[in-house]
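Only one structure is covered here, and it is reproduced in the block below.
Naming: A, B, ... by sequence-line order, numbering from 1 per chain.
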Amino acid sequence: MKEELIVLCGPTASGKSAVALALCELLGAELVSCDSMQLYRGMDIGTAKPTADERSRVPHHLIDALQPDENCSAARYRELALPIIRSLFEVGKQPVLCGGTGLYIDALTKPLGFSVEGDPAIRASFEREAERPEGKQRLHARLREIDPDSAERLHENDVRRVIRALEVHALTGVTLTEQMARDAVRVGDYPAWLYALDWPRDVLYARIDARVDAMIEQGLIGEVENLLQTGLSRDGTAMQAIGYKEIAAALSGEISMKHAVDQIKQATRNYAKRQLTWFRRDKRVTWIPAEGCSADEIARTIFEEVTR
RNA sequence: GCCUCGGUAGCUCAGUUGGUAGAGCAGUAGACUGAAAAUCUACGUGUCGGUGGUUCAAGUCCGCCCCGAGGCA
């Protein structure tokens, strides 16, 4: 078989999972999640994880792969996913990727170098500097000296990326710009078909609001309580997930539960909009109108295109 | 019925001694190369509740009316 990836991407609450599931059944394929939060065990309701029943219909990979106190990254995700994809191709199974974490999808489908692991000590030292008066401006000025192109590209307030660019240079002696130039002449691991579901904006937002209400009914509050009882820090990657940080704030009395639920809806809508910006920029993506269509119908459409 | 305080952008509110209004949030668009459900950028005209008046000039001062909250009878 041709070693090509099929990817269902797009904003949260657009119905990716149901379509991916149906598509996997049509193709006899297995599903590989590209979701930065479904990776974590114990975070089920708030990440809209596929149910046990759905997972019994089609094998799902990279769900529940990490403990909630572990940190992930695009490159770590790539290291987890590549062996799975390789072994699926080896036995003639088509991998279908499904998820909304755009950077993780790029880490698999684009030739990203990702060659330098972050160094917490260097990072912390830059972060301390950024806190000082005029610190952000000084970091940006330093970047301008060593990598003017990156400095031009990055706003001085985008401290995370400025620090990352400085860090890459500090650790390797190669600028981020140089690394990106090297990537640009390489080829990604696998070619990919990317599909996303297109909804009228107001319909998508209404779906998000309804899904958040459903999560509360399904017991999201109890799920967050359980995680916190294990001693999970509210500062880690897992607890920065939408739905979890807000419920945690309400449980500690910082805000009312009603307010927390409203904030979850708001944050999810904002997140969906950022995902739209990300995936719209990616010219590989085919947008499929979703309103009025069942998951099976959409899966059939994709099936016919990829098996043609 | 009387008194007080409110009525300004979709929402919450600023608005100095009168010079035709601006923040946050929302919304829209964008960025994104080992933190990405994260992080960051750009975009602000609305019968200033209505109406009459004073004034060269009224969101701002005065009268009346409408709506809301509270207080006194």
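For the pair A:Asp158 CG and B:A31 P, the interatomic distance rounds to 13 Å; values are reported in whole Å. Atom C1' of nucleotide B:U28 and atom CG of A:Leu276 are separated by 12 Å, given to the nearest angstrom. Computed from coordinates, the A:Arg161 CZ to B:U33 C1' distance equals 9 Å when rounded to whole Å. In this structure, the CZ atom of A:Arg274 is 10 Å from the P atom of B:C40, given to the nearest Å. Atom OH in A:Tyr40 sits roughly 11 Å away from atom C1' in B:A38 (whole-Å rounding). In this structure, the NE2 atom of A:His259 is 11 Å from the P atom of B:A26, given to the nearest Å. Rounded to a whole Å, the CD atom of A:Glu156 is 16 Å from the C1' atom of B:A31. Here B:A38 presents its P atom at 12 Å from CE of A:Met43, a figure rounded to the nearest Å.
Pair assignment for B:G27: B:C43, on the basis of Watson-Crick or G-U wobble contacts that are both within less than 3.5 Å. Figure legend. B:A21 is base-paired to no nucleotide; pairs are counted as Watson-Crick or G-U wobble with both atom distances under 3.5 Å. With both pairing distances under 3.5 Å, B:G6 is matched to B:C67 as a Watson-Crick or G-U wobble pair. Across every strand in view, B:U60 sits unpaired, with no contact that passes the Watson-Crick or G-U test at under 3.5 angstrom. Summarising the base pairing, B:A36 is matched to no nucleotide, lacking a Watson-Crick or G-U wobble pair whose two defining distances lie under 3.5 Å. Base pairing annotation: B:A14 forms no Watson-Crick or G-U wobble pair, as no partner gives both donor-acceptor distances under 3.5 Å. The base-pairing partner of B:U55, taking Watson-Crick or G-U wobble contacts with both distances under 3.5 Å, does not exist among the strands shown. B:A73 makes up no base pair with any nucleotide shown, lacking Watson-Crick or G-U wobble contacts both under 3.5 Å.
Applying the 4.0 Å criterion to OP1 and OP2 of B:A36, one finds that A:Gln275 has every side-chain N and O outside that range. In terms of phosphate contacts, A:Lys110 brings no side-chain nitrogen or oxygen within less than 4.0 Å of OP1 or OP2 of B:U33. Contact check, A:Arg153 against B:U33: a side-chain N or O comes under 4.0 Å of OP1 or OP2. Between B:A38 and A:Lys245, a contact under 4.0 Å exists linking OP1 or OP2 to a side-chain N or O. The side chain of A:Arg123 places an N or O atom within less than 4.0 Å of a non-bridging phosphate oxygen (OP1 or OP2) of B:A35. Regarding contacts with the backbone of B:U28, a side-chain N or O of A:Tyr205 is found under 4.0 angstrom from either OP1 or OP2. Contact between the side-chain N/O atoms of A:Thr277 and the OP1/OP2 oxygens of B:G30 is found at a separation under 4.0 Å. In this model, the phosphate group of B:U28 is approached by a side-chain N or O of A:Arg201 to a distance below 4.0 Å at OP1 or OP2. Between A:Arg160 and the phosphate of B:C40, there is no side-chain N or O to OP1/OP2 separation shorter than 4.0 Å. Contact check, A:Tyr271 against B:A38: no side-chain N or O comes under 4.0 Å of OP1 or OP2. Neither OP1 nor OP2 of B:C25 sits under 4.0 Å from any side-chain N or O of A:Asn270. Phosphate proximity of B:C40 to A:Asn157: absent, as no side-chain N or O sits under 4.0 Å from OP1 or OP2.
For A:Ala248 against A:Val224, the heavy-atom pair with the smallest separation is N-CG1, 4.0 Å. Here the closest non-hydrogen pair linking A:Ala299 and A:Val19 is CB-O, 3.8 Å.
To the nearest whole angstrom, the two P atoms, one in B:G46 and one in B:A42, are 22 Å apart. Comparing B:U45 with B:U20, their P atoms sit 15 Å apart, to the nearest whole Å. Going from the P atom of B:G24 to that of B:C67 covers 35 Å, rounded to whole Å. Comparing B:U54 with B:G63, their P atoms sit 15 Å apart, to the nearest whole Å. Taking atom P in both B:C25 and B:C5, one finds a spacing of 32 Å when rounded to whole Å. Taking atom P in both B:U55 and B:G49, one finds a spacing of 23 Å when rounded to whole Å. For B:A36 and B:C40, the P atoms lie 15 Å apart once the distance is rounded to whole Å. Rounded to the nearest Å, the gap between the P atom of B:C13 and that of B:U8 is 9 Å.
Here the side chains of A:Arg182 and A:Val174 are in contact, with some heavy-atom distance below 4.5 Å. Within the 4.5 Å cutoff, the side chain of A:Lys93 has no heavy atoms near those of the A:Pro59 side chain. Annotation: side chain of A:His140 is not in contact with side chain of A:His155 (no heavy-atom distance under 4.5 Å). The closest side-chain heavy-atom distance from A:Arg41 to A:Gln67 is below 4.5 Å.
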Margin query: Set out, in order, the CA-CA distance, both residues' side-chain angles and the distance that settles side-chain hydrogen bond (donor to acceptor under 3.5 Å, both in side chains) for A:Glu223 and A:Tyr244, then state yes or no.
Written below: CA-CA 9 Å; A:Glu223 183 169 285; A:Tyr244 295 82; 2.5 Å; yes
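A donor-acceptor contact under 3.5 Å links the side chain of A:Glu127 to the base of B:A35. Donor-acceptor pairing under 3.5 Å, judged by distance alone, is absent between the side chain of A:Arg164 and the base of B:A36.
Using a 4.0 Å heavy-atom criterion, one finds that A:Arg280 contacts the sugar-phosphate atoms exclusively. Among the protein residues, A:Thr268 comes within range of no part of the nucleic acid, since none of its heavy atoms lies under 4.0 Å from any strand. Residue contacts shown for A:Tyr77 are absent, as no nucleic acid heavy atom lies under 4.0 Å away.
Remark: A:Arg55 engages A:Asp64 in a salt bridge, criterion side-chain N to carboxylate O under 4.0 Å.
Residue whose closest nucleotide on RNA chain B sits further toward the 5' end, between A:Gly46 and A:Leu176: A:Leu176. When each of A:Glu167 and A:Ile242 is assigned the nucleotide of RNA chain B with its nearest heavy atom, A:Glu167 is the one assigned upstream, toward the 5' end.
Distances were taken from every side-chain heavy atom of A:Arg269 (C-beta onward) to each of B:A36, B:U28, B:G27; the shortest belongs to B:G27.
To the nearest 0.5 angstrom, A:Leu66 atom CG is 5.0 Å from A:Arg76 atom CZ.
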